Amino acid sequence: MFPSEIEIRANAIRPATILAPMAGVTDTVFRRVIRSLGGCGLIMTEFTSAEGLTRSAARTLHYLYFEPDEHPIAAQIFGSVPEVMASAAALTEDLGFDHVDINLGCPVKKVVKCGGSGLLRDLTHLERLFRAVRAAVRIPLTIKIRSGWDENSIVAVDVARMAEQAGIEAIAVHPRTRMQGYAGSADWNIIRAVKQAVRIPVIGNGDIRAPQDAVRMIEETGCDAVMIGRTASSNPWIFRQIADYVATGRYDEPSEADRYRLLSGYFRNLIDSGMPDAIGKMKQFASLFTHGVRNGSELRYSVHHSHSTSEILDRVEAFFSHTATSSAD
């Protein structure tokens, strides 16, 4: 049975579904889209540099901006220096986040050099980092990990046990190695192994593309919640669909009108929010989101060849107007 909630310390997250942190995607505008559609229990920020936060860099602090209606919300930080990570975590607590999460999963080379999945190669150092951050904050502390650096160093169970002993209160597991990146299949057996090894809540992540996958992950691994990243960027309705599927055994696909309202509304909110590089974000989201849209390649092309926010809005309007006319013929 799909769990109705996940408890992280005394915080009940309902439903037991979590939006994964995604660089360049899970900003405040996108997170509020997810909140407005319903079905998501916990949202997370983009992963944010601890070094940048401790220098009070305005650009870095921007990543942690959130609105009151986004609660419950977790800040995710990355870095490798225990003292710096501890200071950054304390800052997220001061900013009013409900949880703070340590990124041990990002496979990108520039992140690996100073944190992310690179930390999975030195568990002694990682334990020092855990204890430094734990001592610095009172809010719940969680981590998100990969299974290991490569297929010869699967350390997820070892990291989970160490984390539990250090006072970490939940662990999300993406069961691919750093060297895999996003290739191949996620090995859900590793999620099950972690769940059997610790008493803290375990969150499964990886290869959830439809509501049925979320239910199957719970059944096959026994994990306490599911976390969804890439699918949410192309199908922001996935959390509501999971809730509907769990409740009724069925779910609806968004209509063309739903897709138009979401895309147009998201773009307008980006503009209104004063988000840096709104045009770049609009083009990025169009690349992700329009894979679920009929004739989406045409929309992607037109958006990517636009030169202003108003031109992008006009092309979105024209595309969906044409789609509606074609459907009526």
Side-chain angles (χ1 to χ4, degrees), residues 6 8 18-23 42 44-48 50 74-80 82 85 89 99-109 111-134 140-208 217 221-230:
I6 174 175
I8 300 178
I18 300 170
L19 174 65
M22 292 179 282
L42 176 68
M44 302 185 78
T45 67
E46 303 174 69
F47 61 85
T48 305
Q76 194 190 63
I77 58 174
F78 74 90
S80 61
M85 286 287 284
H99 305 165
V100 61
D101 187 85
I102 299 173
N103 181 305
L104 302 173
C106 182
V108 176
K109 186 177 294 186
V111 175
V112 165
K113 289 180 180 178
C114 57
S117 56
L119 292 173
L120 299 176
R121 293 175 292 183
D122 187 348
L123 300 195
T124 301
H125 177 78
L126 186 56
E127 182 176 19
R128 289 199 297 271
L129 188 149
F130 284 164
R131 294 191 181 280
V133 178
R134 177 69 284 171
L141 174 60
T142 62
I143 61 175
K144 183 176 187 289
I145 70 169
R146 285 197 167 229
S147 55
W149 180 256
D150 58 29
E151 62 182 10
N152 298 314
S153 57
I154 304 299
V155 296
V157 168
D158 294 331
V159 172
R161 286 175 172 150
M162 184 174 70
E164 183 176 41
Q165 291 171 1
I168 308 298
E169 292 162 279
I171 177 171
V173 182
H174 182 127
R176 285 182 172 89
T177 65
R178 186 271 169 179
M179 297 304 291
Q180 275 184 277
Y182 294 99
S185 299
D187 183 358
W188 290 1
N189 291 321
I190 294 172
I191 300 174
R192 184 173 65 246
V194 171
K195 175 60 183 172
Q196 293 172 349
V198 295
R199 294 182 299 277
I200 58 175
V202 174
I203 301 153
N205 173 232
D207 292 357
I208 296 177
M217 177 182 277
T221 70
C223 65
D224 301 284
V226 298
M227 176 181 283
I228 301 173
R230 288 176 295 163

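Fair warning: this is a prediction, and the values are worked out from it, not measured in the lab. Start at 1 with the first residue, then count along the sequence.
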[X] [atom1] to [Y] [atom2] distance, which is reported to the nearest 0.5 Å:
{"X": "Ile203", "Y": "Ile145", "atom1": "CD1", "atom2": "CD1", "answer": "11.0 Å"}
{"X": "Asn205", "Y": "Arg176", "atom1": "CG", "atom2": "CZ", "answer": "9.0 Å"}
{"X": "Leu120", "Y": "His125", "atom1": "CG", "atom2": "NE2", "answer": "11.5 Å"}
{"X": "Leu129", "Y": "Leu123", "atom1": "CG", "atom2": "CG", "answer": "12.0 Å"}
{"X": "Leu19", "Y": "Ile228", "atom1": "CG", "atom2": "CD1", "answer": "9.0 Å"}
{"X": "Arg161", "Y": "Arg199", "atom1": "CZ", "atom2": "CZ", "answer": "11.0 Å"}

Heavy atoms only: give me the nearest [X]-[Y] pair and the separation to one decimal.
{"X": "Ala50", "Y": "Met85", "result": "CB-SD, 3.5 Å"}
{"X": "Asp207", "Y": "Ala186", "result": "OD2-N, 2.9 Å"}
{"X": "Pro175", "Y": "Ser147", "result": "C-OG, 3.9 Å"}
{"X": "Ala74", "Y": "Leu42", "result": "N-CD1, 4.1 Å"}
{"X": "Met44", "Y": "Pro21", "result": "SD-CD, 3.7 Å"}

Could you walk me through whether Phe130 and Ile168 satisfy the side-chain contact (heavy atoms from CB on, under 4.5 Å) test, starting with their C-alpha distance in whole Å, then the side-chain angles of each, then the deciding distance to 0.1 Å, before giving a yes or no?
CA-CA 8 Å; Phe130 284 164; Ile168 308 298; 4.2 Å; yes
Please answer whether the main-chain N or O of [Y] pairs with a side-chain N or O of [X] as donor and acceptor at a distance below 3.5 Å.
{"X": "Thr45", "Y": "Gln76", "result": "yes"}
{"X": "Ser117", "Y": "Cys106", "result": "yes"}
{"X": "Asp224", "Y": "Val202", "result": "yes"}
{"X": "Arg131", "Y": "Arg128", "result": "no"}
{"X": "Trp149", "Y": "Leu119", "result": "no"}

Is it the case that Asp150 and Thr177 place a side-chain donor and acceptor less than 3.5 Å from each other?
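Their side chains do not contain a donor-acceptor pair, so the 3.5 Å distance test is not met.
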Could you tell me whether the side chain of [Y] reaches within less than 4.5 Å of the side chain of [X], counting heavy atoms only?
{"X": "Arg121", "Y": "Val112", "result": "yes"}
{"X": "Phe78", "Y": "Val111", "result": "yes"}
{"X": "Lys195", "Y": "Thr221", "result": "no"}
{"X": "Leu141", "Y": "His99", "result": "no"}

Apply side-chain contact (heavy atoms from CB on, under 4.5 Å) to the pair Ile102 and Lys144, showing each step before the final yes or no.
CA-CA 6 Å; Ile102 299 173; Lys144 183 176 187 289; over 6 Å; no
Derivation of the side-chain contact (heavy atoms from CB on, under 4.5 Å) call for Ile191 and Met217
CA-CA 9 Å; Ile191 300 174; Met217 177 182 277; 3.9 Å; yes
Given the ring of Tyr182, does Arg146 sit roughly above its face, with NZ or CZ under 6.0 Å from the centre of the six-membered ring and within 45° of the axis?
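Yes, a cation-pi geometry.
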Show, in sequence, the C-alpha distance, side-chain angles and deciding distance for Thr142 and Ile171, and conclude whether the side-chain contact (heavy atoms from CB on, under 4.5 Å) test is met.
CA-CA 6 Å; Thr142 62; Ile171 177 171; over 6 Å; no
In terms of side-chain geometry, is the basic nitrogen of Arg134 or Glu169 positioned less than 4.0 Å from the acidic oxygen of its partner?
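Answer for the salt bridge query: yes.
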